[in-house]
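Right, one structure below, let's go through it.
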Amino acid sequence: MAKATSPRRLKIVREFEAGVSPSCAGRMVISGRMADVCAELDRMAQREAAVQAA
């Protein structure tokens, strides 16, 4: 019998504070399954590395 999988639910909330540069990520809350959160953090690190290399 195949096991039904639930959709991945990854939630990312970014809070920006007044007077802080828009290039600053601000505070972030990432919630969801640990594997999904880790994968998102890896993607964010890869994007940052690509920006730094350019």
Side-chain angles (χ1 to χ4, degrees):
M1 183 183 308
K3 186 176 183 180
T5 59
S6 62
R8 293 184 181 162
R9 297 183 189 252
L10 182 67
K11 183 176 180 181
I12 302 171
V13 178
R14 294 177 66 177
E15 295 182 8
F16 297 98
E17 297 180 18
V20 177
S21 169
S23 64
C24 179
R27 294 187 308 163
M28 298 180 76
V29 176
I30 305 174
S31 62
R33 291 185 328 137
M34 183 61 73
D36 296 336
V37 171
C38 290
E40 180 62 23
L41 290 172
D42 288 341
R43 285 189 291 272
M44 291 170 73
Q46 289 173 350
R47 281 191 297 253
E48 180 66 19
V51 167
Q52 296 296 325

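Position 1 is the first residue of the sequence; numbering continues from there. Just so it is clear, the model here is predicted, and its values are computed rather than measured.
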What pairs with Q52 under side-chain hydrogen bond (donor to acceptor under 3.5 Å, both in side chains), at least two apart in sequence or on another chain?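 Q52: side-chain hydrogen bond (donor to acceptor under 3.5 Å, both in side chains) contacts with E48.
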Handout entry: Separation of I12 CD1 from S31 OG (nearest 0.5 Å)
Key =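 One finds 9.0 Å between OG of S31 and CD1 of I12.
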Would you please name every residue forming a side chain to side chain contact (heavy atoms under 4.5 Å, CB included) with L41, sequence neighbours left out?
->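 Residues passing side chain to side chain contact (heavy atoms under 4.5 Å, CB included) with L41: I30, V37, M44.
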Side chain to side chain contact (heavy atoms under 4.5 Å, CB included) with Q46: which residues, sequence neighbours excluded?
->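 Partners of Q46 by the side chain to side chain contact (heavy atoms under 4.5 Å, CB included) criterion come out as none, since no residue qualifies.
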| task | Check salt bridge (Lys or Arg N to Asp or Glu O under 4.0 Å) between E40 and all other residues, then give those that pass, not counting sequence neighbours. | result |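 R43, R47.
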